[in-house]
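Down below is the structure, laid out as structure tokens.
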Protein chains: 2
Amino acid sequence: MASRTDTKTRILDAAEKLFAERGFSETSLRLITSKAEVNLASVNYHFGSKKELIRAVLARYLDVFMPSAAIEIKRIHHAPENASLNEIFSALIKPLLELNKVRNGGTIIFLQLLGRGYIESQGHLRWFITTHYGEHLATFVQAVSASAPHIPAAEMFWRLHFTLGTIVFTMASADALNEIAAADYGEHNNIEAIIRKVIPYMAAGVAVPVLTN
Amino acid sequence: MASRTDTKTRILDAAEKLFAERGFSETSLRLITSKAEVNLASVNYHFGSKKELIRAVLARYLDVFMPSAAIEIKRIHHAPENASLNEIFSALIKPLLELNKVRNGGTIIFLQLLGRGYIESQGHLRWFITTHYGEHLATFVQAVSASAPHIPAAEMFWRLHFTLGTIVFTMASADALNEIAAADYGEHNNIEAIIRKVIPYMAAGVAVPVLTN
DNA sequence: AATTAATTTAAACACCTGTTTAAATTAATC
DNA sequence: GATTAATTTAAACAGGTGTTTAAATTAATT
């Protein structure tokens with residue numbers, strides 16, 4: 001039933017890398033199948049369509065990340081003393097970095113896929129994630145809200161999407177930014193270093209008092 | 001030399017709207033020319049290629065926004081007392097909203113174009129902007145740095161790109177987010193309201209002390 | 001080993017893409 | 001008003017896209 005490395009897996013591995021680098025619609029099935037060294041038609045045979053391949057690529061990461069993240073959030077949320085925003089966001093580092101063990105470069109690939117998906121899919125991915133991982137998301141939002149009780153729910157909605165934009169855009173251009181940072185400042189950051197840079201930024205933004213005038 | 005509304009302008013007007021909504025590569029010349037009610041070949045006649053059309057669309061906004069923004073920044077920067085980060089970011093509001101007078105929905109179109117450009121063009125837009133509007137950018141960075149002197153230059157580089165990601169991602173999904181906010185919280189924000197929400201978030205993030213351990 | 005099922009393959013399909021061409025039309029110049 | 005230049009037009013071009021087909025091959029089952 002399975003030859004050499006599973007054809008399905010070969011396709012997914014090649015596809016996720018190309019999708020993350022170049023975006024979904026910029027990546028043709030012919031490019032994917034040639035990199036994966038499989039026949040063009042095998043994508044439609046195994047996945048049905050390109051759209052379903054995209055969904056499969058995302059699901060493979062979300063199914064690992066989401067439960068793992070929810071566990072970490074709950075661990076912190078249910079601790080005796082209230083966790084800080086920094087701690088809550090930092091709780092996501094471990095689940096994110098674990099994706100590197102699942103596959104080489106898994107962390108940044110996942111974050112880039114997420115960004116591409118949110119921007120390219122006209123809200124389709126947002127719907128997919130909220131319907132499939134709604135409880136996990138709710139856990140996260142609840143933990144953040146408890147740590148910043150002075151922020152009204154509506155304002156928190158916007159700010160959490162600001163954070164999504166921050167991280168997702170940063171990751172989508174992480175390679176380019178890293179090159180510039182290396183050239184201009186002699187900095188060489190890996191993905192973890194960038195995540196650790198962005199967390200204080202996001203935490204400060206989410207918690208900043210709401211202006212009332 | 002010019003018939004009805006200038007063909008060139010009709011193309012630019014139709015193109016910018018579609019580019020902002022759907023992205024550059026998702027928008028075909030046939031879609032643009034049919035919306036603009038001009039012949040397909042006129043794009044290549046007037047602009048040479050699709051790539052140059054994209055550049056023209058962006059330039060039309062950048063040429064208005066950049067000088068106007070630089071003036072506002074300088075006005076604040078050279079004021080007797082040092083401006084706060086909030087004030088510096090807020091100085092961009094007027095130039096941004098002025099784009100609404102240039103064209104209907106100009107502000108959000110510009111910000112969405114910027115986001116699409118940064119993400120789709122693999123660093124090409126970044127190069128274009130820094131080479132064409134380098135002095136204006138430097139003015140801005142200098143003003144921000146003076147307002148947050150405790151942030152090293154390399155760290156500031158990252159944080160300013162975080163802010164770019166925040167604003168650009170937010171604007172790219174502004175319509176979708178607004179719908180959700182309206183449904184879930186009864187909020188109805190226009191583009192200015194969203195900008196005023198995001199500024200305190202960004203200012204707090206940029207200025208947050210750098211963790212040293 | 002024979003039969004059935006699953007998979008792989010090469011080719012074609014129908015459609016869409018940006019660009020080019022050469023003729024038709026409109027505008028500007030003399 | 002005739003001549004030249006600028007623009008618009010319809011058509012074709014060359015190449016790329018996702019998907020489908022039917023035959024060939026490989027694997028699993030009886």
Side-chain angles (χ1 to χ4, degrees), chain A residues 1-60 113 116-117 119-122 124-125 128, chain B residues 1-60 113 116-117 119-122 124-125 128:
Chain A
M1 202 189 278
S3 60
R4 29 172 201 174
T5 321
D6 206 29
T7 301
K8 240 171 140 170
T9 309
R10 296 178 67 85
I11 295 173
L12 287 169
D13 288 348
E16 68 170 32
K17 207 168 276 184
L18 293 166
F19 284 155
E21 278 171 13
R22 321 156 41 99
F24 298 110
S25 61
E26 301 285 343
T27 305
S28 70
L29 294 185
R30 280 167 180 82
L31 183 58
I32 294 170
T33 52
S34 75
K35 285 264 180 195
E37 293 179 307
V38 301
N39 187 272
L40 167 63
S42 56
V43 172
N44 292 278
Y45 176 77
H46 284 287
F47 297 94
S49 69
K50 185 180 180 180
K51 212 170 235 167
E52 287 173 82
L53 169 63
I54 295 174
R55 245 176 281 166
V57 165
L58 282 167
R60 199 163 62 142
L113 288 173
R116 303 274 186 196
I119 289 164
E120 269 190 49
S121 73
Q122 290 278 41
H124 197 86
L125 177 64
F128 178 81
Chain B
M1 203 189 278
S3 59
R4 25 171 205 174
T5 322
D6 206 28
T7 302
K8 242 172 138 169
T9 308
R10 295 179 68 86
I11 294 172
L12 287 169
D13 288 348
E16 68 170 31
K17 208 169 274 184
L18 292 166
F19 284 155
E21 279 171 13
R22 321 157 42 100
F24 298 110
S25 61
E26 301 286 343
T27 305
S28 70
L29 294 185
R30 281 168 179 81
L31 183 58
I32 293 170
T33 52
S34 75
K35 285 264 179 194
E37 293 179 305
V38 301
N39 187 272
L40 167 63
S42 58
V43 172
N44 292 278
Y45 177 78
H46 285 287
F47 296 95
S49 68
K50 184 181 181 181
K51 212 169 236 171
E52 288 173 83
L53 170 62
I54 294 174
R55 245 175 280 167
V57 165
L58 284 167
R60 201 163 60 143
L113 288 174
R116 302 276 185 195
I119 289 164
E120 269 190 49
S121 72
Q122 291 278 37
H124 196 87
L125 177 64
F128 178 81

| Criterion side-chain contact (heavy atoms from CB on, under 4.5 Å) against B:S42, the qualifying member of B:N44, B:V38, B:L40 | B:V38
| query | Are A:I11 and A:D6 close enough, and set up right, to give a side-chain contact (heavy atoms from CB on, under 4.5 Å), and what steps lead you there? | reply | CA-CA 9 Å; A:I11 295 173; A:D6 206 29; over 6 Å; no
| note | Rounded to whole Å, the NZ-P distance (B:K50 to C:dC16) equals 15 Å
| What is the distance, rounded to the nearest whole Å, between atom CG of A:N39 and atom P of D:dT26? | 14 Å
| task | Using a heavy-atom cut-off of under 4.0 Å over every strand shown, decide if A:T33 touches base, sugar-phosphate, or nothing. | result | nothing
| field | A:H46 vs C:dT8: side-chain N/O to OP1/OP2 distance below 4.0 Å | value | yes
| When the distance from CG of B:L53 to C1' of C:dG18 is rounded to whole Å, what number comes out? | 12 Å
| said: So if I take residues 11-26 of chain B and measure heavy-atom distances to DNA chain D, which residues fall below 4.0 Å? | reply: none
| query | How close or far is atom C1' of D:dT19 from atom CD of A:E52, stated in whole angstroms? | reply | 13 Å
| Within the pair B:S28 and C:dC16, is there a side-chain N or O less than 4.0 Å away from OP1 or OP2? | no
| Within this structure, what is the CG-to-C1' distance between B:L40 and D:dT7, rounded to whole angstrom? | 15 Å
| query | Of the candidate nucleotides D:dT19, C:dG18, D:dT7, which contains the atom at the shortest distance from the side chain of B:L29? | reply | C:dG18
| request: Figure out the CZ/P separation between A:F47 and D:dG18, and round it to whole Å. | output: 15 Å
| Spacing between A:I32 atom CD1 and D:dT17 atom C1', to the nearest angstrom | 12 Å
| field | Identity of whatever pairs with D:dT30 - Watson-Crick or G-U, under 3.5 angstrom | value | C:dA1
| field | Heavy-atom pair of closest approach, residues A:K50 and A:F19 | value | CE-CE2, 4.3 Å
| request: Please report the shortest heavy-atom distance between B:G23 and B:E120, naming the atom on each side. | output: CA-OE2, 3.2 Å
| field | From CG (B:L29) to CZ (B:F47), nearest 0.5 Å | value | 11.0 Å
| note | Closest to the 5' end of DNA chain C, once A:R30 and A:S42 are matched to their nearest nucleotides, is A:S42
| Whom does D:dA5 pair with, Watson-Crick or G-U wobble, provided both distances fall under 3.5 Å? | C:dT26
| message | For A:A41 and A:Y45, find the nucleotide of DNA chain C closest to each by heavy atoms; which residue's nucleotide sits nearer the 5' end? | response | A:Y45
| Ion pair check, A:R60 and A:D13, cut-off under 4.0 Å | yes
| For atom CG of A:N44 and atom C1' of C:dC13, their distance in whole Å | 13 Å
| field | Inter-residue atom distance B:E16.CD - B:L18.CG, 0.5 Å rounding | value | 9.5 Å
